[in-house]
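I have placed the structure first, in the form of structure tokens, so that the comments after it can refer back to it.
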Amino acid sequence: MINRWLVAFLMLMTVSAFAQKKDMNTTVSKLLQQMTLEEKLGQLNLPSIGFDVTGPILSQGVEEKIRKGLVGGVFNTFTPSAVRKLQDLAVKETRLKIPLLFGYDVIHGHRTIFPINLGLAASWDMDLLQRTARVAAEEASADGLNWTFSPMVDIARDPRWGRVSEGAGEDPYLGSQIGKAMVQGYQGIDLSKNNTILACVKHFALYGASEAGRDYNTVDMSRVKMYNEYLPPYKAAVQAGAGSVMTSFNEIDGIPATANKWLLTDLLRKQYGFNGLIVTDYTAINEMIAHGMGDEKKVGELSLNAGVDMDMVGEVFLKHGAQLVKEGKVSMAQIDAAVRRILEAKFKLGLFEDPYRYISEERNKTEIMNAQQLALSKEAAIKSMVLLKNSNQVLPLNASKKIAFIGPLVKDQRNLIGSWSGAGDYKKAVSLWAALEQKGGGYLYAKGCNLLEDENLLKRLNAHDGQITRETATPEQLITEAVATAQQADVVVAVLGEAFGMSGEAASRSMIGLPENQLALLKALKATGKPVVLVLMNGRPLTVSWENENIDAILETWFGGTQAGAAIADVLFGAANPSGKLTMSWPRNVGQIPIYYNAKNTGRPLDENQKYTTKYLDVPNTPLYPFGYGLSYTTFTYGDLKLDKKSITAKDKIQVTVTVSNTGNYDGVETVQLYIRDLVGTITRPVKELKGFKKVELKKGESKEVSFTISVEDLKFYNSDLKFVAEPGAFKVFVGGNSQEVKEAGFELK
Ligand code: BGC
């Protein structure tokens, strides 16, 4: 019976999808027939208007251009009134009344800000990631927007690159799951609803692999590496139905992504079957002049022929498109195809039916920063925190003890929302101090140091709203005062880290430790002999070897968003138990970078007793904290792995079971991780690859069996012909609470 209903329902859905597609074709084709070439090129134009920009060109005279039908969409404009004003121009004053798209960088929340994406990823909680994207879409759409430039799914193995804060970290499998969850959260199942928005997968492709971690730098890698290690998250997010893709600033095989026909047409459109719209990154077409690809007209030609649909800010298509068509360098069919995809996106969003669909003063009042949305922000902040160290169970703090909170970030609000905080208002962020006061207060406090002393860095960050001020007291005086405060306490909590502008776009660092003046404070606090807890706020893995050696407990809180302080207070005092796990390896020092868990073996694997084996003379090969790592207030132990078979054929599945026990004193959540190693292949294979994970809740003293099913699909990889294959032979399977400490077993694929 149920099946019959299901079949009927699915048939109805198929019929209605078919009808909708037919409608869309009719609407779009009709418009295309009426459009002049100038109007068509107008649709390809995406200027920025409004509140902020990330690049050098501020689009000029946008309103006039909208009136003339020379704009397809705008970004950086939101609020119902601002959006209505521009949409009015488009649908009331242009000849064909085509509505505009309204885009914005809604990256980790719109007004309610969630932890930075690297923090969200550390939750390993796909349901949470989907819910945070859903709320971001609810708020953005209640603020007039219908398009977000997210998710950013660039795999990153170099923490010097500031944009690691925006992504999911180093792993293609986890990155794929997260990309998918976010697309589903933003777009829901029906894009035409007034609270779902178009997602944009970025930055296609390989942007995270820029040399030396310097932003916008050259990328060069083999196809095998691309396909196996860097491309999977883009593919997964596209196949989850993302409506748009953004090109990246970097080159691929010597051709910038924005002019790379192989990338945009052969791979994205033909291999991945992507039929949504391709937008460039900010002035990425114009920037190809500096890349050495030709003059403005030439780079316009290259990008149109590569398959770009929409030009962000650069106005190259608008300026040169007609001439390119006239000279036969770009075909009319190519232009029509681009226009079609933009109009289709508008159709899918329901804008032809109602151009004001996303403009509602009413929703703006009730669906932004409401109680549920704020509660989700706190939940996300709690779930993103990673406990890196906890000697002698210093944490959770004993509330009856005298506790001193010390550091420039204790009372800070400005930095809590991180970079790319959309329309977030830091003044609405709950500082740690405010949360402590709310819990009854009575704690000791000293600032201890300024966030930064480095003049050069201060100047750079403050030019971009860093708002970093310095005390009139000297650094020595601040430390002396902090030490005196610490001496009155039983436990010291130092709250230190980066300024928000030290990570994010154009925020690469060659040294990624705590700023020197902060480290000096920490050393002085350590010298008091009091137990010290370090609470970190930052946007990337840091080098904290000294801290790990010397400080009793370390809690990574990232930039935790609007409710950061409340969440941190809950975790510090044990109202919540940390459960986050790192999704990027933390190096011991910068010289180890790039360092990532899914590396290849060498022909001379490490043997400390042999000279000619792979190693450094001055630092171990392992990271300080590996991928997947994170402690809890309780402890978990893993039993031996049980496999239901010793070998499988391509048709079978193998079940791996392990008993996980909570052996400590608190209820807790563990993320059980499954890794596989393919021991022999026609190409070399990584020493471990994540293939599954499960979050399990375990009460104090409780044990649970956790099972994973491995099928031949999990054993596949791209071989040297770029065919996705599984090769028969021996495999290892590992299960554990991080990528280094695992139980292992073996099986064979026949
Ligand atoms: C960034 C993109 C962003 C765009 C629009 C660029 O500088 O690379 O990630 O979506 O600006 O703000």
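We count ligands from 1, going down the list as the structure has it; atoms in each ligand are counted the same way.
Look at D295 and K319 and you find no salt bridge, because none of the NZ, NE, NH1 or NH2 atoms lies under 4.0 Å from a carboxylate O. For D465 and R414, the salt-bridge test passes: some basic side-chain N is under 4.0 Å from an acidic carboxylate O. Taking a cutoff of 4.0 Å between a charged side-chain nitrogen and a carboxylate oxygen, R540 and E498 qualify as a salt bridge. By the 4.0 Å N-to-carboxylate-O rule, E64 lies close enough to R67 to be salt-bridged with it. Contact check on K202 versus D105 returns a salt bridge, with a Lys/Arg side-chain nitrogen under 4.0 Å from an Asp/Glu carboxylate oxygen.
When D154, D105, N76 are checked for heavy-atom proximity to atom 3 (C) of ligand 1, D105 turns out nearest.
Among the atoms of Y207, none of the N or O lies under 3.5 angstrom from an N or O of ligand 1.
With a 4.0 Å heavy-atom cut-off, ligand 1 is reached by the side chain of R163 but not by its N, CA, C or O. The side chain of H203, and not its backbone, has at least one atom closer than 4.0 Å to an atom of ligand 1 (non-hydrogen atoms only; side chain from C-beta on).
Checked by atom type, the side-chain pair D412/Y426 shows no donor-acceptor distance below 3.5 Å.
Per-residue contacts place D281 under 4.0 angstrom from the following atoms of ligand 1 (heavy atoms of the residue considered): 1 (C), 2 (C), 3 (C), 4 (C), 6 (C), 7 (O), 8 (O), 11 (O). Atoms of ligand 1 lying under 4.0 Å from at least one heavy atom of Y282, given by number and element, are 6 (C), 7 (O), 11 (O). For ligand 1 and F75, the ligand atoms under 4.0 Å from any heavy atom of the residue are 5 (C), 12 (O). Less than 4.0 angstrom separates some heavy atom of K202 from each of these atoms of ligand 1: 2 (C), 3 (C), 9 (O), 10 (O).
A heavy-atom separation below 4.0 Å is not found between M152 and ligand 1.
The CG atom of L86 sits 5.5 Å away from atom OG1 of T77, with the distance rounded to the nearest 0.5 Å.
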